[in-house]
Amino acid sequence: MEHHLTTPVREEDVRKLRMGDLVYVTGTVITARDEAHLEALELHERGEEPPVDFKGVGVFHCGPIMKKVDGEWTVVAAGPTTSARMEIFQDNFIETFRPAIIIGKGGMGDLTSKACQEFGCVYGAFTGGAALLAARGIKKVRDVFWLEELGMPECLWVYDVEDFGPMIVTIDSHGGNMTQDVKTQVTERLEKILAEMEG
Amino acid sequence: MKMTFEKIVEDTAVELLRIAATELPVEYVEEIKKGLEETDGAVGRAQLGNILEDIDLAREGSKPMCQDTGIVAFMVKVGDNFPLRSRIKEILVDATRRATEEVPLRPNAVDMFKGNTRDNVGLNGYVPMIFIDMVPGGDLEIIAMPKGGGSTNIAAHRMLKPGLGWKGIKQFVIEALAEAGSLGCPPYFVGVGIGGGEDLCMTLAKKALLKPFKSRNENPDVAAIEDELLGKVNQLRIGAMGLGEGPTALDLHIELAARHPASLPVGVVISCWALRHARAVITGEGEVSIDRSA
Ligand code: SF4
């Protein structure tokens, strides 16, 4: 199945997505990596709020290359980064800020999968390294926050996107986790290969 | 004359970084295409198709194929009679700063105390990483190799018990790839370094990635092991982007050094599909030839 979503995405629409589906997003996508996740969560704990609303939008694990052209920020390259690093706080982030889709590469684990089930979120795998393909879907850089403090790769870039994708839903809100499934199969194959070598 | 040489080396190094970041060697592109043709599943085909489209966009637009333009490394061979010596290092550092602006490359050098240095240069002269060999002759060879963080993080190192021998080495390599799974943007290229010490095996593994594509070790026994390991790694069927479809590894090289009787150091360095590098030779007369091959 192929889906074209517009942000803010309603929870009922998120729940229609199934593992293996293709998704494209139009609307708002915000980059956030390790430090931005931490910073946003720390602010929230102190009773303050981050400068952007993540509700119903795409949160993109990405540290882009940006360039200022005639005083305006433009995207040079913006592919996904390895999402596994965010596993330690992604569930908390989903619960707190309620994004609709986490975009990244390499997949995520059980904690994220549980939060996706509980709060109606999915994980969309964007082809790792395909930074120019991703950049093509970004129509405008609407805002940037924390650039001075966190630097270009770690700060929050707020993008207006159009048919940003294709992403593959590898974690849906029903417990499906494709990367985890493949991982289990790979482990089984590994054991078989190693056993054969013991011969 | 001195100034001219410095400028030639700097300009060449900037150009090498640009080529590396924006043009994937055609031999790799062909192999990915072949992988796409041999893949049936829609998920795997979508991944490989996206990669190929991205590679085209990069080449056409002269833009980095991946936003993670990595930590920069230079492998350098300085001929005895080449006009420049210790200055080469400073020139390569300047070239890295320039390339960061001009290509552009993403600023990736992080100071643990002060944060991102913003120019890909940092701390005590260690980054960019520069590996220098002294060689006979009058030429200077430079290979620029920017390597991303995702696939760098899945490197593996183990000091095996020597008694485990080749079987232990092979099992460790296959385990390392299984462990890497989806994390470093497969399909992968694999470099294996064996022997030396705890440090050298890693450097050998990294350099092994630069051996000519599909070439095999000059020692036929090692060559056979390269083939065997590449086959077994592909049997893991991690697939493109770790989604179980398409090739897992495109090539694998082994580089071997002698070891201590009590040690068997093994390093596994893995590259994502975007194995970026470019090579140039600058003669003592200042003529530059650039080599884009895999
Ligand atoms: S692993 Fe390679 S292709 Fe993937 S994001 Fe990092 S540098 Fe880019």
Side-chain angles (χ1 to χ4, degrees), chain A residues 20 22 31 35 62-67 75-85 105-108 125-136 148-155 165-168 170 178-183 185-194 196-199, chain B residues 21 42-43 46-51 53-58 61 63-69 103-108 110 115-116 118 148-151 153-154 167 170-171 174-175 177-179 181-186 232-233 235-245 248 272-274:
Chain A
L22 282 180
T31 67
E35 301 205 20
C62 166
I65 306 179
M66 306 291 294
K67 199 173 184 173
V75 183
V76 178
T81 189
T82 306
S83 298
R85 294 197 312 274
K105 74 166 173 91
M108 299 189 78
F126 198 96
T127 304
L132 300 175
L133 208 61
R136 199 167 64 182
E148 275 310 303
E149 302 89 311
L150 302 185
M152 186 192 287
E154 293 285 340
C155 68
M167 291 166 277
I168 295 192
T170 62
M178 195 187 254
T179 321
Q180 210 66 32
D181 293 351
V182 175
K183 211 170 163 179
Q185 292 160 8
V186 167
T187 308
E188 286 165 13
R189 289 179 200 129
L190 172 69
E191 275 157 18
K192 204 171 136 242
I193 294 170
L194 294 182
E196 279 167 13
M197 290 173 83
E198 289 301 332
Chain B
V43 169
Q47 303 310 313
L48 295 166
N50 286 351
I51 290 171
E53 199 172 341
D54 189 72
I55 292 168
D56 281 347
L57 287 170
K63 288 180 174 174
M65 63 193 83
C66 177
Q67 79 289 341
D68 186 357
T69 48
V103 176
L105 305 176
R106 194 177 70 183
N108 275 336
V110 176
N116 199 311
R118 289 161 204 247
S151 70
N153 288 345
I154 51 175
K167 189 168 88 182
K170 291 178 195 170
Q171 292 185 333
I174 301 164
E175 279 172 39
L177 268 296
E179 184 66 29
S182 65
L183 298 180
C185 294
K232 291 218 158 82
V233 164
Q235 281 170 25
L236 291 171
R237 301 222 312 272
I238 294 166
M241 292 304 138
L243 298 174
E245 297 173 359
T248 296
C272 50
W273 61 263

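In what follows, every heavy atom counts, from backbone to side chain, and hydrogens, waters and symmetry copies are set aside.
The heavy-atom pair separating B:Pro104 from A:Lys67 by the smallest distance is CG-CD, 4.3 Å. What you find for A:Gly129 and B:Cys185 is that their closest heavy atoms are N-SG, 4.1 Å. The nearest pair of heavy atoms linking A:Val186 to B:Leu236 is CG2-O, 3.4 Å. Between A:Ala77 and B:Cys66, the closest heavy-atom pair is CB-C, 4.5 Å. Scanning both residues, B:Gly242 and A:Thr179, for their nearest heavy atoms gives O-CG2, 4.3 Å.
To the nearest 0.5 Å, the span separating OG1 on A:Thr82 from CD1 on B:Ile154 amounts to 8.0 Å. Within the model, atoms CD of A:Glu191 and CD of B:Glu175 stand 10.0 Å from one another, a figure rounded to the nearest 0.5 Å. Here the straight-line distance linking atom CD1 of A:Ile65 with atom CD of B:Gln67 works out to 7.0 Å at 0.5 Å rounding. Taken from CD in A:Gln180 to OG in B:Ser182, the straight-line distance is 9.0 Å, to the nearest 0.5 Å.
Contact of A:Lys183 with chain B is not made at all, since no heavy-atom distance falls under 4.5 Å. Of the atoms belonging to B:Ala274, not a single heavy atom falls under 4.5 Å from chain A. In this structure, chain B has a heavy atom under 4.5 Å from the backbone of A:Ala78, while its side chain stays farther away. At a 4.5 Å heavy-atom cutoff, the contact between A:Thr170 and chain B is made by side-chain atoms alone. Interface remark: A:Pro166 contributes backbone and side-chain atoms alike to the contact with chain B (heavy atom separation under 4.5 Å). Of the atoms belonging to A:Met152, it is side-chain heavy atoms, and not backbone ones, that fall under 4.5 Å from chain B. If you measure heavy-atom distances from B:Asp68 to chain A, you find no contacts under 4.5 Å at all. When heavy atoms are compared at a cutoff of 4.5 Å, B:Thr69 approaches chain A solely by way of its side chain, counted from C-beta outward. With a 4.5 Å cut-off on non-hydrogen atoms, A:Leu132 touches chain B through its backbone and its side chain both. Looking at A:Leu194, the atoms closer than 4.5 Å to chain B (heavy atoms on both sides) sit in the backbone and in the side chain alike.
The pair A:Glu196-B:Lys232 does not count as a salt bridge, with every side-chain nitrogen at least 4.0 angstrom from each carboxylate oxygen.
Residues satisfying the salt bridge (charged side-chain N to carboxylate O under 4.0 Å, His left out) criterion with B:Lys63, sequence neighbours excluded, are absent altogether. For A:Glu154, the salt bridge (charged side-chain N to carboxylate O under 4.0 Å, His left out) partners two or more places apart in sequence, or in a different chain, are A:Arg33.
Each of B:Glu179, B:Gln47, B:Lys170 has some count of heavy-atom pairs under 4.5 Å with chain A, and the biggest count is that of B:Gln47. Of all the listed residues (B:Leu177, B:Asp54, B:Ile55, B:Ile238), the one sharing the greatest number of non-hydrogen pairs under 4.5 Å with chain A is B:Asp54. With chain B as partner, the option from A:Pro64, A:Pro153, A:Ala134 having the largest number of non-hydrogen pairs under 4.5 angstrom is A:Pro153. For the set B:Arg118, B:Arg237, B:Glu53, the entry with the most heavy-atom pairs within less than 4.5 Å of chain A is B:Arg237. For the set A:Ala125, A:Gly151, A:Gly106, A:Ala135, the count of heavy-atom pairs under 4.5 angstrom toward chain B peaks at A:Gly106. Chosen from A:Gly79, A:Gly107, A:Pro80, the residue pairing most often with chain B at heavy-atom distances under 4.5 Å is A:Gly79.
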Quiz item: Can you check side-chain contact (heavy atoms from CB on, under 4.5 Å) on A:Glu198 and B:Lys167, steps first, answer last?
Solution: CA-CA 8 Å; A:Glu198 289 301 332; B:Lys167 189 168 88 182; 3.0 Å; yes
Practice problem: For side-chain contact (heavy atoms from CB on, under 4.5 Å), just list the numbers for A:Met178 and B:Val43, CA-CA rounded to whole Å, side-chain angles, deciding distance to a tenth of an Å, and then say yes or no. | Solution: CA-CA 11 Å; A:Met178 195 187 254; B:Val43 169; 4.2 Å; yes
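In terms of modelled atom types and a separation under 3.5 Å, the side chain of A:Thr127 and the main chain of B:Ile51 share no donor-acceptor contact.
Contact of the B:Ile174 side chain with the A:Met197 side chain is registered, since non-hydrogen atoms from C-beta on lie closer than 4.5 Å.
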